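Working notes, beginning with the structure itself.
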Amino acid sequence: MAEVVIVENAQAAGDLVADAILRLIGTKPDAVLGLATGSTPLPVYRALAERRGDTDLSRVSGFALDEYVGLPISHPESYRSVITREVVEPVGLTPERIHVPVGAEETIRHAGADYEAAINAAGGVDIQILGIGTDGHIGFNEPGSSFASLTRIKTLTRQTRADNARFFDSLDQVPTHSITQGLGTILRARHLVLLAFGAGKAKAIAEALEGPVSANMPASAIQLHPHVTVVIDEAAATELAHADYYRDSYENKPAWQTI
Ligand code: PGA
C-alpha cells in the first residue's frame with residue numbers, strides 16, 4: 001500500500017519530498033524527475049532551491065506530466081513556461097534536459113509517441129511528483145482514463161477547466177485539450193509521490209487511497225504501484241478512514257527506512 005504521511009503544512013511536505021529527491025540525486029547524479037505543474041508541487045520546488053546547497057544538479061533530467069494543446073509555448077501559462085519559471089530557473093536544472101510534451105497542433109499526432117520514446121531513452125522516471133485534481137485526475141488523465149494509457153491528447157473536463165481558470169483571464173481562455181502522460185506512463189515511474197493540500201482535495205484523496213480501483217477515479221491507479229508516498233496536510237486527510245493507522249505507521253517507522 002501507499003505510505004501516507006500527514007504533515008503539518010505544505011512547507012513541511014515540500015521539505016520532506018525535496019530531501020528525498022536530493023538523497024536520490026546523491027546516489028544517482030543523472031536521476032530522472034517527473035515534474036508536475038499546478039499549485040501543489042510548488043513547495044517542493046521551493047524547498048529544492050533552498051536545500052540543494054552545492055548538490056550537482058547538472059546531469060538531472062526532468063519530464064513534465066502534461067501540456068495544454070494549442071497554447072503557444074511562449075504563453076505564460078503554457079506548462080513549458082510554468083516549468084521553466086517555477087522549476088528549472090529557481091532550482092537550477094539544466095534547461096536542455098527538461099522535457100515537456102509538445103502541444104503544438106502541427107505535431108500533435110506523433111507528440112505522444114515521441115514523448116514516450118524520450119522517457120524510455122532517458123531510462124524511465126525515478127521519482128514522479130503528482131498533484132491530484134478535485135475530480136481525481138493525475139496528470140490530465142480525467143475520469144474514465146485507461147490504466148494502460150500512454151502519452152496522448154485528452155479533453156479536459158468542465159471541472160478541470162473551471163479549476164484552472166484562475167491562471168487565465170477568463171474561463172474561455174482555458175484550452176479544451178491537453179497532451180498528458182497516461183496512467184500507464186505514470187505507473188512505470190519507479191517511485192510515485194502524490195501531494196495534496198486543503199479540504200478541497202479530501203474527498204479525492206480518500207477515494208484514491210481507500211476507494212475501489214476504478215478508471216472513474218484515475219488517482220486510484222496508485223493502488224497498483226509498489227512504491228507510492230502520499231504526502232498530505234491535515235485538511236486533505238479529513239476523509240480518510242485509516243488516518244490513525246497511517247500516523248502510527250509513519251511515527252513508528254524504522255529509522256533506516258526512507259520514504
Ligand atoms: P493544483 O492542481 O495543484 O493546482 O491543485 C492539481 C491538479 O490538477 O493536478
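Residue numbers start at 1 and run along the sequence shown. Please read these numbers as outputs of a predicted model, since none were measured by experiment. When a ligand or atom number is given, it counts from 1 through the structure's own listing order.
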For Ser149 and Gly182, indicate whether the former's side chain and the latter's backbone hold a donor-acceptor pair under 3.5 Å. no

Indicate yes or no: does Glu89 engage Arg85 in a salt bridge with an N to O separation below 4.0 Å. no

Check ion pair Glu142-Arg158 (N to O, under 4.0 angstrom): no

Pairs touching residues 209-237 that satisfy ring pair (Phe, Tyr, Trp, His ring centres under 6.0 Å), sequence neighbours left out: His191-His227

Here the gap from Phe140 atom CZ to Thr155 atom OG1, rounded to the nearest 0.5 Å, amounts to 12.0 Å

Tyr68 ring center near Phe168 ring center (under 6.0 Å): yes

Can you tell me which residues line ligand 1 if we count any heavy atom under 4.0 angstrom from one of its atoms, in chain and number order? Gly38, Ser39, Thr40, Gly131, Ile132, Gly133, His137, Arg166, Lys201

